Structure formats: C-alpha cells, structure tokens
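Just so it is clear: chains get the letters A, B, ... in the order the sequence lines come, proteins before strands, and each one is counted from 1. Here the structure is a predicted model, which means the values were calculated and not measured.
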Amino acid sequence: MSKPSESPAPSADAPATPKGSGASLEQARRDKLERLKALGVDPWGHRYDDTRPIVAVRATGESLDRSPDDTTGPTVRVAGRIMLLRSAGSLVFIDLADRSGRIQLMIGKKQVGPEAWQIIKCLDLGDIVGAEGRLGYSKTGELTVFATGIEFLTKSLETPPDKFHGLVDPELKQRMRYLDLIHGEGVRERFVARSRIIEAIRRVLTARGYLEVEGPTLQETAGGAAARPFLTHHNALDMPLVLRIALELHLKRLLVGGLERVFELGRVYRNEGVSPRHNPEFTMLEAYEAYGDYGTMMDLTEAILVEAAQAAGAPTRFEWMGHTVDLTPPFRRATYDDLLREVTGCDPADPASVGAAASARGIETAGRHPDVVKSDLFEATVEDTLSGPVFVIDYPAAVCPLTKRKADNPAIAERFELYVAGIELANAYTELNDPDLQEELFRTQLAGLADEESMARMDTDFIRALRHGMPPAGGLGIGIDRLVMFLTAAPSIRDVILFPIHRPHQ
RNA sequence: GGGGCUGUAGCUCAGUCGGUAGAGCAUCGGACUUUUAAUCCGUUGGUCCUGGGUUCGAGUCCCAGCGGCCCCA
C-alpha cells in the first residue's frame with residue numbers, strides 16, 4: 001500500500017482488527033472499498049461499453065508480432081474478474097477472466113499515472129474491472145493488454161477460493177455454484193455444453209416441423225410415469241395438486257387437438273431418493289409425432305443424439321463410466337427377450353423359466369405378475385451389459401400401460417428404451433390410442449407393484465380426450481440431464497444441474 | 001432404510017502413541033517496471049461439524065446427532 005500520508009482513505013480509521021480470520025479478511029476488503037469511495041470511485045461500477053470477449057482479443061493477438069511491444073498493437077477494451085494478481089513494485093500483472101477466457105493485463109504506475117495507481121492499490125483477487133490498452137506481447141512472451149486506463153467495476157468482499165486448487169469440496173461446489181463456475185476446471189464449459197445440447201435438440205425438432213409447447217406443471221393427477229409425486233395445495237381454489245412427474249398425457253391431448261407434432265422441454269418432479277443419477281427435479285424432453293410409430297422415434301432419437309453430441313463438442317466414440325460408446329448411426333436394435341435370453345440363458349417366453357432365473361438372483365416372485373418379475377430380472381442382469389447405444393425393443397405389455405400392443409401379439413408392446421453405458425437414456429412408444437383399452441389398463445393395478453411404481457393412474461379427462469380420437473403416433477422421452485452427463489463425461493447428475501437439491505446447511 | 005468413507009484457518013490440506021494446533025495460498029507490513037500458482041523477508045488468523053462420555057488430559061478413543069461423498073436396497 002501507499003504510505004499513509006499519501007492515502008486519501010480513512011486509513012487512520014483502519015481498524016486494528018486481527019488480520020487473517022474470515023471477518024478480518026472481509027474487513028481488509030471493506031477498507032479498500034472505503035478508500036475507493038474516498039478516491040471518488042464507485043466501487044459498484046456502471047455500464048462499460050465496447051468491450052470485446054477475451055477469446056476474440058486472444059484471436060487478434062495470434063496475428064501480432066511476438067516481439068515485446070507495448071505501444072504499437074491495436075487498442076482493446078476488456079472487462080472481467082481478477083483471477084491472479086502479481087505485483088512487481090510499480091508494476092502489476094493481472095490475469096483477467098471473462099465468460100470466454102483469460103488474458104493478462106499489465107499496469108504500470110508510470111503508464112497510468114499516480115491517480116489511477118491509487119485505484120490499482122485497492123484491487124483484490126475477485127474484483128471486477130475493465131481495462132483499455134494496447135495489445136501486445138510481454139518480455140516473457142505472454143499476450144498482454146498494456147493498460148492505459150483501468151475502470152473499477154465491482155468490489156468483491158469475500159475471499160476467493162485457493163487460486164491454484166480452486167474450489168474442491170463437492171459440497172461447496174454445489175452450494176456455491178457461482179464460485180464453482182468461476183474457479184472450477186471445465187465447469188463453465190460443461191454448462192455451456194448443456195445449453196448447446198438443448199439448442200441442438202430444438203433445432204432438430206423444429207426442422208422437422210415440431211411445435212414447442214408447455215403443459216401444466218401443477219396437476220390434479222400425476223400421470224405418464226411410475227413415480228411418487230410432490231404434493232401441494234392451491235389456496236384460493238382450496239384443492240390438492242401435485243407437481244407433474246412426466247409430460248406425456250398433456251402432449252397427447254395436443255395430438256388429439258390436431259397439433260400433430262409437438263414437443264416440450266420441461267422440468268419434472270419425482271419425490272424419490274437422491275443419487276449420482278437422480279435428482280428430485282430434472283429435465284425431460286418429450287416429443288410426439290402423429291402418424292408415426294416407435295420406429296419413427298428411433299430415427300428421431302438417432303438424429304437428436306448425433307446433433308447433440310456435435311453441439312457439445314463430444315467425439316462420436318468415447319469412454320464413459322467404463323463403457324465404450326460409439327454414436328455412429330444406425331444404433332444397434334435388439335429385442336428385450338433376445339437380450340434377456342443372451343444374458344441369463346432363460347427362456348423369456350416361459351414364465352416358469354424366467355421365474356427360476358429371477359429366484360436364483362434373489363428376486364421375489366411369489367404373488368407378482370410375471371412381467372414385473374421379468375422386468376426386475378432384466379434390470380438386474382441386462383442393463384449393466386448394455387454399453388450401447390442400443391435400442392432395446394418390444395417390451396412385455398403388462399409393464400407398458402400407455403403403449404400400443406403389437407398387432408400380431410398383444411403380449412408385446414411397441415416400446416423401446418435406448419441404453420448408453422448401462423443407463424436408460426430414452427424411452428419411446430407407439431402410443432396407445434384406443435380409449436377403451438387405455439381405460440382398462442388404468443384400472444389394472446399389477447400384482448406386486450406399489451402405487452408409486454405403477455403408471456396405472458386413472459385420468460378420466462385424458463380418456464375422454466382419447467375418445468375424441470388421437471391419431472396413431474410415436475412418442476419419445478429423453479432424460480436431458482443424463483444425456484448431458486455422458487456427452488460431457490460427467491460422473492454425477494449433480495455435475496450437470498446448476499443447483500441440485502441439498503439439505504439445509506446449519 | 002443398510003453399509004463404507006469423510007468433516008481441522010477464507011480456500012487446499014497435514015496432524016505420529018491421547019499431552020492444550022501446523023503448512024501452502026489468501027490477509028497485513030516491507031523490497032521489486034516483465035510477472036504468470038511471481039519471488040524474497042516479516043506478520044496475522046482456529047466453535048478442530050455439534051452434543052455427551054472415557055481420561056489427570058481428547059482434533060485424536062467411545063456414543064449419539066448433523067452435513068457431505070460412494071455402494072447396496
């Protein structure tokens with residue numbers, strides 16, 4: 001710092017609080033804030049125009065002569081957060097970060113003059129500043145903005161994380177995502193990729209004539225999936241409501257309404273456990289196409305995955321969670337029964353054989369519907385083996401109450417699930433549009449299934465819509481968070497959700 | 001719900017056999033007009049997650065709780 005006699009700040013009032021604790025770390029910054037005010041600088045800044053993204057400035061720097069020169073390069077204006085601060089006497093080097101990248105600033109006392117130098121003396125790690133100056137290379141060959149003017153934009157009152165290790169504690173990374181975004185390796189890039197993936201999905205669908213719509217998130221009946229809903233209440237109407245667990249039934253109503261190709265990218269809520277692959281609220285894509293079937297949806301799924309991978313900058317072939325995945329279409333297609341036979345050796349057509357295989361693996365069979373047992377067996381044995389991508393097709397009908405049955409075999413439903421790296425990524429049907437059969441299936445609670453495990457929830461309004469006539473259609477659901485997980489090689493769903501759920505901290 | 005690991009300075013981490021707390025970064029003071037995790041000298045900073053217990057003595061051992069991570073159901 002400057003000598004006390006030079007400082008116009010109330011340094012005489014500077015508290016003699018102990019230095020180094022959390023409180024006094026903040027106090028040191030507040031002291032500088034007061035000094036800035038005394039210098040006539042607004043520590044909270046204002047509009048700062050004509051900046052260029054740092055990545056663009058760096059691109060400009062590529063074409064410059066590499067010999068040290070701080071006087072002839074183009075003048076540039078950048079703004080961002082101070083990530084590193086190195087002082088060498090009357091010379092200060094700053095690593096400045098904006099949304100696009102980082103660049104070094106050099107600020108000399110002689111170059112900016114004594115008044116601006118007083119401001120420089122008040123800078124801390126984490127402060128946000130704007131700078132203008134010639135672009136060039138320093139004596140050590142680093143691309144540098146040689147600042148002739150500095151604009152203070154915002155004071156940071158908190159100490160940033162360790163400048164080398166960044167924020168490591170996973171709890172802090174999630175609770176203080178803003179810090180994780182600033183300091184975490186690849187964190188911002190991952191969430192940018194998420195945004196690009198969602199853009200790509202919209203692009204694919206709108207190019208095919210799909211209309212983006214929004215269904216209600218507050219519903220009377222939580223239908224369209226097997227999950228326990230969150231319960232809430234509308235005061236003015238004095239009625240119980242649930243948060244939606246799926247998008248399906250309202251999008252199908254829109255098929256009845258003649259919109260023919262609709263999709264929704266939306267949040268759904270399931271009142272279930274938290275794990276590296278589950279968050280109580282997550283984002284789903286559902287798309288419905290009149291006059292299509294589940295084969296139509298396989299083509300659409302491939303198109304979406306290829307486009308999304310490209311948008312995320314993910315390679316076509318990659319390793320994730322111990323699986324090797326190749327996204328080159330067409331994806332493998334294999335029937336549910338064939339896979340079950342391959343992996344377990346049982347005869348999928350014979351309930352006794354399936355039951356024996358299930359029992360051998362400790363799966364309860366007594367009093368349970370054979371298709372439910374079969375489904376448990378499939379989950380326990382086949383899923384992990386599916387590195388994929390593979391379309392698992394033709395499911396046991398009893399566990400698919402919203403799906404059209406095969407014309408020649410009512411025990412098989414025209415459904416597929418897409419597996420990648422042992423994880424279910426997409427789920428699609430040839431949609432059931434027979435209102436009478438749909439009503440019957442809603443009435444049928446399968447033996448061995450708890451309420452929240454069943455999709456059979458009566459929705460009389462939906463049945464009435466079907467009675468008005470829903471065209472034959474294919475429908476598709478994709479879990480966006482899981483898609484982003486594997487396209488960004490993230491091991492946990494919490495790595496791709498900006499603000500995952502947390503217990504309150506003290 | 002069951003099990004394992006974990007919680008120490010603002011951040012990243014040590015802490016031995018139970019003997020009243022350590023480092024780096026950050027802070028503060030000083031030197032430095034070419035640094036880049038700058039460097040050098042000095043300085044400051046602790047509810048050892050919380051509450052009990054054992055003990056002459058607990059960051060350390062025991063019990064319970066809280067938070068986090070992972071595995072299983």
Side-chain angles (χ1 to χ4, degrees), chain A residues 1-4 7 9 11 14-32 35 66-71 82-97 102-114 117 120-127 136-147 156-176 179-180 182-185 272-278 321 361-364 376 379-380 384 450 453 491-495 500-506:
Chain A
M1 286 307 103
S2 53
K3 295 185 223 44
S7 174
S11 55
T17 49
K19 302 294 193 284
S21 73
S24 61
L25 286 171
E26 181 182 339
Q27 191 55 52
R29 286 166 179 258
R30 288 194 180 276
D31 291 348
K32 288 174 186 164
R35 290 220 302 275
R66 303 298 165 114
S67 52
D69 177 10
D70 61 357
T71 54
I82 298 176
M83 303 303 291
L84 293 172
L85 190 61
R86 298 176 288 280
S87 162
S90 304
L91 204 54
V92 162
F93 294 90
I94 287 171
D95 281 13
L96 195 74
R102 288 194 188 196
I103 198 165
Q104 173 171 273
L105 309 181
M106 193 193 88
I107 306 165
K109 184 177 184 179
K110 201 170 69 190
Q111 289 85 339
V112 298
W117 193 247
I120 303 306
K121 290 289 189 185
C122 296
L123 297 180
D124 281 308
L125 291 176
D127 289 352
Y137 287 87
S138 71
K139 285 184 182 169
T140 53
E142 178 78 15
L143 185 65
T144 301
V145 177
F146 297 96
S156 171
L157 294 175
E158 293 277 351
T159 313
D162 187 295
K163 66 189 179 188
F164 183 61
H165 300 94
L167 205 57
V168 169
D169 184 334
E171 184 175 357
L172 294 180
K173 283 166 74 74
Q174 290 161 37
R175 289 190 196 273
M176 297 197 279
L179 284 184
D180 192 31
I182 296 166
H183 298 98
E185 185 83 26
E272 294 164 351
V274 176
S275 87
R277 289 175 198 177
H278 299 86
M321 308 288 274
R361 288 167 178 81
I363 294 165
E364 187 63 49
D376 279 1
E379 262 186 50
D384 284 346
E453 289 170 346
S492 169
I493 198 169
R494 291 186 289 269
D495 296 329
I501 191 141
H502 261 274
R503 283 195 167 91
H505 196 58
Q506 77 198 19

Could I get a table of every N or O pair under 3.5 Å where one atom is in the protein and the other is in nucleotides 68-73 of chain B?
from, atom 1, to, atom 2, distance (Å)
B/G68, OP1, A/His502, ND1, 3.3
B/G68, OP1, A/Arg503, N, 3.2
B/G68, OP2, A/Arg503, NH1, 3.2
B/G68, O4', A/Glu171, OE1, 3.2
B/C69, OP1, A/Gln174, OE1, 3.4
B/C69, OP1, A/Arg494, NE, 3.1
B/C70, OP1, A/Arg494, NH2, 3.2
B/C70, OP2, A/Arg494, NH2, 2.3

Is B/C61 paired to anything, Watson-Crick or G-U wobble with both distances less than 3.5 Å, and if yes, which nucleotide?
B/G53
Can you tell me whether the side chain of A/Thr140 and the base of B/U34 have a donor-acceptor pair closer than 3.5 Å?
no
If you measure from the C1' atom in B/A14 to the same atom in B/U8, how many Å do you get, rounded?
10 Å
Would you mind reporting whether A/Pro161 and A/Leu179 have side-chain heavy atoms less than 4.5 Å apart?
yes
Determine whether any donor atom in the side chain of A/Ser24 lies under 3.5 Å from an acceptor atom in the base of B/U27, or the reverse, and answer yes or no.
no
Choose from B/U35, B/C11, B/A37 the nucleotide whose nearest atom is closest to any side-chain atom of A/Arg86.
B/U35
A/Val168 has a side chain; which of B/C13, B/U35, B/A26 sits nearest to it?
B/C13
Could you work out the separation of B/A9 and B/C48 based on their C1' atoms and round it to a whole Å?
10 Å
Please give, in whole Å, the distance from B/U34 C1' to A/Asp69 CG?
14 Å
Contacts of A/Arg361 meeting side-chain hydrogen bond (donor to acceptor under 3.5 Å, both in side chains) (sequence neighbours excluded), chain-then-number -> none
Would you mind reporting whether A/Gln111 and A/Met106 have side-chain heavy atoms less than 4.5 Å apart?
yes
Separation between the P atoms of B/U27 and B/C40, rounded to whole Å
16 Å
Any side-chain N or O of A/Lys139 less than 4.0 Å from the OP1 or OP2 oxygen of B/U35?
no
Residue mapping more 5' on RNA chain B - nearest nucleotide basis, A/Met106 or A/Gly166
A/Gly166
Partner nucleotide, any strand, of B/C17 [Watson-Crick/G-U, under 3.5 Å]:
none
Would you say the side chain of A/Ile107 lies within less than 4.5 Å of the side chain of A/Trp117, judging by non-hydrogen atoms?
yes
In A/Arg35, A/Lys32, A/Lys163, the residue satisfying salt bridge (Lys or Arg N to Asp or Glu O under 4.0 Å) with A/Asp124 is A/Lys32
Under a 3.5 Å limit on both distances, the Watson-Crick or wobble mate of B/C5 is B/G68
Counting side-chain heavy atoms from C-beta on, which of B/C11, B/C32, B/U27 comes nearest to A/Ser87?
B/C32
A/Arg29 side-chain N/O to A/Ser156 backbone N/O, donor-acceptor pair under 3.5 Å:
yes
Can you tell me how far P of B/U27 sits from CG of A/Leu25, to the nearest Å?
8 Å
Distance between C1' atoms of B/U6 and B/C41 (Å, rounded)
38 Å
Separation of the P atoms in B/A21 and B/U60, to the nearest angstrom
13 Å
Can you check whether any acceptor in the base of B/U35 is under 3.5 Å from a donor in the side chain of A/Glu142, or vice versa?
no
With respect to the phosphate group of B/C28, does any side-chain polar atom (N or O) of A/Lys32 fall under 4.0 Å of OP1 or OP2?
yes
Please give, in whole Å, the distance from B/U39 P to A/Leu85 CG?
13 Å
Will you find, in the side chains of A/Glu272 and A/His278, an N or O donor that is under 3.5 Å from an N or O acceptor?
no
With rounding to the closest Å, how many angstrom separate the C1' atoms on B/A58 and B/G52?
13 Å
Can you tell me how far C1' of B/G30 sits from NZ of A/Lys121, to the nearest Å?
11 Å
Whole-Å distance, A/Phe164 CZ to B/U12 C1', equals 10 Å
Residues that A/Gln104 engages under side-chain hydrogen bond (donor to acceptor under 3.5 Å, both in side chains), provided they are two or more places apart
A/Arg86, A/Thr144
Interatomic distance at C1', B/G57 relative to B/U20, whole Å
9 Å
Nearest-0.5 Å distance that lies between atom CG in A/Leu172 and atom CG in A/Leu167:
5.0 Å
Ranking A/Arg29 and A/Leu167 by the position along RNA chain B of their nearest nucleotide, the one closer to 5' is A/Leu167
Is A/Thr144 touching bases, backbone alone, or none of the nucleic acid, heavy atoms closer than 4.0 Å?
nothing
In whole angstroms, the gap separating C1' of B/C13 from NZ of A/Lys163 amounts to 17 Å
Just how far, in rounded Å, is C1' of B/A26 from NE2 of A/His183?
11 Å
Could you work out the separation of B/G4 and B/A37 based on their C1' atoms and round it to a whole Å?
35 Å
Rounded distance in Å - CG (A/Asp162) to P (B/G10):
14 Å
